[in-house]
Number of protein chains: 2
Amino acid sequence: MTISTGKDPSSTQASGVTLASTLAQRLREQITEGRLTPGTKLHLEDLKETFGVSLSPLREALSRLSGEGFVVLQGQRGYSVAPVSEANLREVTILRMEMESFALRQAIACGDRQWEGGIVAALHRLNSLPPTTISKSRTEEIDEWEAEHRQFHLALISACQMPLLLQFCTTLHDLSDRYRRLFLEKNPTDRDVQEEHIAIANATVTRQADKAADLLRQHIERTGTNVLKSLAENHSK
Amino acid sequence: MTISTGKDPSSTQASGVTLASTLAQRLREQITEGRLTPGTKLHLEDLKETFGVSLSPLREALSRLSGEGFVVLQGQRGYSVAPVSEANLREVTILRMEMESFALRQAIACGDRQWEGGIVAALHRLNSLPPTTISKSRTEEIDEWEAEHRQFHLALISACQMPLLLQFCTTLHDLSDRYRRLFLEKNPTDRDVQEEHIAIANATVTRQADKAADLLRQHIERTGTNVLKSLAENHSK
DNA sequence: TAATCATAAAAAATCGAATATTTAGAAATT
DNA sequence: AATTTCTAAATATTCGATTTTTTATGATTA
């Protein structure tokens, strides 16, 4: 017999959140963080145990990640972590340059004062992160920076009023992050990224569309080139 | 007891094809063809019966379509056919203009002779479709034209060497098709689309990147505007 | 009468088991 | 020895049933 009609608030999931959606998020993180090696086969039986869930939500989660490009589904041969390649990194970088700069132009055309505020706030949070906190682990530190960084880039284009475009850009950004974290772990700040972010934000809130779009393109391209170098080295080692 | 170790070749699915993938295709067709009304709630129990399958493959199929934008998933409230709106059509049109023309430029830069041949062949197949066949139903006729049309547009950009971009463009094209079929059923050839296709193909195979990209943009924009008109009328009726 | 709460019905999400497919290895054949 | 064929183990896919959540309905109270 089961009594509990009274729900346990602490274990109750927030509205709209399902096991599958939580799983998708967790798996996406594991992949972008590089904890799941590119190309690895994802054995459902293992994942089932690891995450303590059944097949249904697991498949649903993987199914979504497949659409986002983080995992690859092959016919009757299961799922595997999306492989990495120079060509793919090149494509992701170029597409980010094109689409994010386009989104930025749209945002500059449509954005209101609240949007401007969001950019300034996100920039502040990003650049005021404690340089090196002793209490936190290296991974936690990176995670925090990554989260703020993502937020900043999203804030820039959030006013473009194009949901599909935002979704595309977000996915591309996540894919890009993965490469950066996989191949640029040692030197995350080899150039003055802070200054670049400031310049982009300035040009944006002052509505200098051409300048802002150009700075953003360069920003994305530089990161791409850097990662590409590391990837090539890594590959030829 | 079950004897059949010997598999029935006629009922055996081709390699890599699963029930889920077949279902996704069927559902996508039903949605783009307008047989499933936009915004309709998709009751899993009903779909289960309609397609004669169980929940697992059904969910997996819907999950994929959700990533492609054909269905919408809301938390614990199930799936529904993606709604249509003026704003969404506008976005799809603009994104197609941007991304397809960009892809075309890349293809023109990378494409070889085989690619050129593919374009010419696709154009021929598209324009040599029997104008009005008596043996076929109206729907079959449209389906055939749509298929060739899709093939032609894909052939144009197929040499861009960017899988992700191709995927985006394909999805956007499908979404666009849906609007056209939903709101432009009466007059599918109100302008000289044939000529437009010929002009685009010519500029492309002669490697006139600027001209080709521009013609393609106009082509997409015209369609968008036409559908938008019908949609607005339909909405205010 | 309107609003709130409890209850029942419907539907979605998840689970555990059954089925079908692929893969790897051994035996048989060329 | 190499190739093919068969067999068994592993794995992906699918199913039917269970659990959880939402939605609709009616009763209760202010």
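In what follows, chains carry the letters A, B, and so on, assigned in the order in which the sequence lines appear, proteins first and then strands, with residues in each chain numbered from 1. Computed from a predicted structure; not experimentally measured. Below, all heavy atoms of this structure are taken into account, side chains as well, without hydrogens, waters or symmetry copies.
- For the pair A:Tyr79 OH and D:dA12 P, the interatomic distance rounds to 10 Å; values are reported in whole Å.
- Distance, A:Leu58 CG to D:dT11 P: 14 Å, rounded to whole Å.
- Per the geometry, CG belonging to A:Leu55 stands 15 Å off P belonging to C:dA18, to the nearest Å.
- Rounded to an integer number of Å, the gap from CZ of A:Phe51 to P of C:dT14 is 15 Å.
- For the pair B:Gln76 CD and D:dT23 P, the computed distance is 10 Å after rounding to whole Å.
- Look at B:Glu45 and B:Lys48 and you find a salt bridge, because one of the NZ, NE, NH1 or NH2 atoms lies within 4.0 Å of a carboxylate O, short of that distance.
- Taken residue by residue, residues 41-50 of chain B places heavy atoms nearer than 4.0 Å to DNA chain C at B:Lys41, B:Leu42, B:His43, B:Leu44.
- Each of A:Arg150, A:Gln151, A:His149 was checked for a side chain to side chain donor-acceptor pair (under 3.5 Å) with A:His153, and the lone residue meeting it is A:His149.
- Phosphate contact (OP1/OP2 of D:dT23, side-chain N/O of B:Arg77, threshold under 4.0 Å): present.
- Classification of A:Arg181 and A:Asp143 as a salt-bridged pair holds, one side-chain N sitting under 4.0 Å from a carboxylate O.
- Salt bridge annotation for A:Arg64-A:Glu68: absent, with no cationic side-chain nitrogen under 4.0 angstrom from a carboxylate oxygen.
- Atom CG in B:Leu19 sits roughly 13 Å away from atom C1' in C:dT21 (whole-Å rounding).
- Contacts of B:Ser101 classified as side chain to side chain contact (heavy atoms under 4.5 Å, CB included), with partners at least two apart in sequence or in another chain: B:Ala213, B:Arg217.
- The side-chain heavy atoms of A:Thr18 and A:Glu60, taken from C-beta on, include no pair separated by under 4.5 Å.
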